[in-house]
S.K.: 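Here you go, one structure.
These numbers were taken from a predicted model, which means no experiment stands behind them.
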Amino acid sequence: MEKYYFVYILTNPGNTVLYTGVTNDLKRRVYEHRNKVVPGFTAKYNVKKLVYYEVYDDPQYAITREKQIKSGSRKKKLNLISSFNPDWRDLWWEI
């Protein structure tokens with residue numbers, strides 16, 4: 001059975017805060033953010049709207065990509081999200 005790894009970006013309802021993460025179970029991880037299961041940045045800033053994700057079959061590629069996105073400017077992140085999800089829909093309902 002093939003395993004997948006996901007790089008994802010979440011935002012808050014006003015689309016003002018961005019959070020980039022990596023996981024091997026996107027549904028579970030977004031559920032945890034949405035329900036504030038783990039205290040921290042996303043719980044504090046109500047970051048629970050999935051607006052972007054990429055899929056990889058190699059964990060190292062996913063981790064490298066997460067670091068690349070995190071090190072980029074806010075403008076680059078906004079452009080990345082808008083090119084993938086122009087309406088900034090909550091993709092939770094599609095995964």
S.K.: When rounded to the nearest 0.5 angstrom, what distance separates CG in Leu18 from CD1 in Ile69?
M.R.: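 So the CG of Leu18 and the CD1 of Ile69 are separated by 11.0 Å.
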S.K.: Heavy atoms only: give me the nearest Trp88-Asn15 pair and the separation to one decimal.
M.R.: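 Nearest pair, atom of Trp88 first, then Asn15: CE3-CG, 3.6 Å.
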S.K.: Just checking Tyr45: does its OH atom have more than 12 heavy atoms from other residues, nucleotides or ligands closer to it than 6.0 angstrom?
M.R.: no
S.K.: Would you check if Thr16 and Thr11 make a side-chain contact, meaning some heavy-atom pair closer than 4.5 Å?
M.R.: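 In short, these two side chains do not touch, never coming nearer than 4.5 Å.
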S.K.: State the CZ-CD distance between Arg65 and Gln68, to the nearest 0.5 angstrom.
M.R.: 4.5 Å
S.K.: Taking atom types as modelled, is there a side-chain donor on Asn79 or Ser83 under 3.5 Å from an acceptor on the other?
M.R.: no
S.K.: Would you please test Asp57 and Glu2 for side chain to side chain contact (heavy atoms under 4.5 Å, CB included) and show each step?
M.R.: CA-CA 8 Å; Asp57 57 10; Glu2 195 166 355; 3.5 Å; yes
S.K.: Within this structure, what is the OH-CG distance for the pair Tyr31 and Leu26, rounded to the nearest 0.5 Å?
M.R.: 15.0 Å
S.K.: Run the numbers on Ile9 and Ile81 for side chain to side chain contact (heavy atoms under 4.5 Å, CB included), then give the verdict.
M.R.: CA-CA 8 Å; Ile9 300 176; Ile81 295 164; 3.7 Å; yes
S.K.: Drop me the distance from Lys3's NZ to Asn24's CG, to the nearest 0.5 angstrom.
M.R.: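 Spacing of NZ (Lys3) from CG (Asn24) equals 4.0 Å.
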S.K.: Would you please name every residue forming a side-chain contact (heavy atoms from CB on, under 4.5 Å) with Lys48, sequence neighbours left out?
M.R.: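 Partners of Lys48 under the side-chain contact (heavy atoms from CB on, under 4.5 Å) test: Arg34, Asn46.
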S.K.: Which heavy atom in Lys49 sits nearest to a heavy atom in Arg89, and how many Å separate them?
M.R.: CE-C, 4.3 Å
S.K.: So do Tyr5 and Asp58 actually touch side chain to side chain, heavy atoms under 4.5 Å?
M.R.: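 A side-chain contact is absent here, since even the closest heavy-atom pair is not under 4.5 Å.
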S.K.: Would you mind reporting whether Ile95 and Leu50 have side-chain heavy atoms less than 4.5 Å apart?
M.R.: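 The answer is yes; the side chains approach within 4.5 Å.
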S.K.: Measuring from Tyr53:OH to Phe84:CZ, what's the distance to the nearest 0.5 Å?
M.R.: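 It is 5.0 Å, given to the nearest 0.5 Å.
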S.K.: Taking the side chain as everything from C-beta on, heavy atoms only, tell me whether Glu54 gets closer than 4.5 Å to Phe6.
M.R.: no
S.K.: Examine His33 together with Phe41 and report whether their ring centres are nearer than 6.0 Å.
M.R.: no
S.K.: Any donor and acceptor pair, going by atom type alone, linking the side chain of Asn35 with main-chain N or O of Val37 inside 3.5 Å?
M.R.: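 Checked: no pair found.
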S.K.: Nearest 0.5 angstrom please: Thr20 OG1 to Tyr8 OH, how far?
M.R.: 9.0 Å
